[in-house]
Amino acid sequence: QVQLLESGGGLVQAGGSLRLSCAASGSIVMINDMGWYRQAPGKQRELVATITRGRDTNYADRVKGRFTISRDNAKNTMFLQMNSLNADDTAVYYCNALVKGPWGPAITYWGQGTQVTVSS
C-alpha cells in the first residue's frame, strides 16, 4: 500500500556531486521520520542521515559536512544532496520512512535502492 522509489543515482567522478530523491506514494496519512541508508558490497547497511517531520536532521560522521538531507512534506518526498563524493561513498542507497496509514500503527518502509558509483 506504500511504495518508496529512489532516483538520482549514477556514476560520478571523485569530487563530484549527486542529488538523490525518494518519492513516497500510496495510502499515506503522515510520514514521520525518514532516512537514507547505504550498503556497499560485502558490508553491513549503515545509516547515512535522518530527518524528522519537523526537519530536525542527524548525519553519520563520515558524511557530515558533505551531505545534506531535506524533505518536502507536501509532496512526500525526501532528498539527499551529496557533495565531495569519494570512492568510499560507492554503495546502494536506500530510502527509509516511518509511515502512518489510515489503519493501525505506523510502519517502516524501504525503497528498492539506487546505485551510486564514485570512480577514482
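Values below: every heavy atom of this structure, side chains too, minus hydrogens, waters and symmetry copies.
- A donor-acceptor pair under 3.5 Å links the side-chain atoms of N73 to the main chain of R53, judged by distance alone.
- Counting side-chain heavy-atom gaps under 4.5 Å among Ile, Leu, Val, Met, Phe, Trp and Tyr, the cluster of W110 also holds Y37, L47, V92, Y94.
- Between the side chain of Q81 and the backbone N or O of I69 there is no donor-acceptor pair closer than 3.5 Å.
- In summary, of the residues considered (V48, T50, I51, D33), a side chain to side chain contact (heavy atoms under 4.5 Å, CB included) with N58 occurs for T50 alone.
- By the 6.0 Å contact criterion, CZ on R62 is open, its count of non-hydrogen atoms from other residues, nucleotides or ligands being 12 or less.
- Applying the side-chain contact (heavy atoms from CB on, under 4.5 Å) test to V99 and every residue at least two apart in sequence or in another chain returns V2, I28, I31, A97, Y109.
- Annotation: salt bridge (Lys or Arg N to Asp or Glu O under 4.0 Å) contacts of R66 (sequence neighbours excluded): D89.
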List the steps, then state whether side chain to side chain contact (heavy atoms under 4.5 Å, CB included) holds for N96 with T108. CA-CA 7 Å; N96 174 269; T108 297; 3.0 Å; yes

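- Rounding to the nearest 0.5 Å places CG of D88 at 9.0 Å from OG of S120.
- Counting all heavy atoms, side chain and backbone alike, S119 lies closest to L11 at CB-CD1, 4.2 Å.
- T114 places no side-chain N or O within 3.5 Å of a backbone atom of S7 that could act as its donor or acceptor partner.
- Distance alone, capped at 3.5 Å, places no donor-acceptor pair between the E46 side chain and the R38 backbone.
- Using a 4.5 Å cut-off on side-chain heavy atoms (C-beta onward), V116 and M82 make contact.
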Passes side chain to side chain contact (heavy atoms under 4.5 Å, CB included), L20 versus E6? Steps please. CA-CA 7 Å; L20 305 183; E6 303 96 336; over 6 Å; no

For a side chain to side chain contact (heavy atoms under 4.5 Å, CB included) check, start with the C-alpha distance between F67 and L80, then their side-chain angles and the critical distance, and finish with the verdict. CA-CA 7 Å; F67 292 8; L80 184 68; 4.1 Å; yes

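- Applying the ring-ring contact (aromatic ring centres under 6.0 Å, His included) test to residues at least two apart or on different chains, none of the pairs has a partner in residues 39-63.
- S84 approaches S17 most closely through the heavy-atom pair N-OG, 4.3 Å.
- For Q115, the side chain to side chain donor-acceptor pair (under 3.5 Å) partners are T117, not counting sequence neighbours.
- Note: C22 SG to Y93 OH = 15.0 Å, rounded to the nearest 0.5 Å.
- The side-chain contact (heavy atoms from CB on, under 4.5 Å) test applied to D72 returns A74, K75, F79, not counting sequence neighbours.
- Of all the heavy atoms in C95 and M78, the pair that sits closest is SG-CE, 3.5 Å.
- Note that OG of S25 is 11.0 Å distant from CD of Q1, once rounded to the nearest 0.5 Å.
- Atom CZ in R55 sits 11.5 Å away from atom OG1 in T57 (nearest 0.5 Å).
- For the residue pair P102 and S27, the shortest heavy atom distance occurs at CD-O, 3.7 Å.
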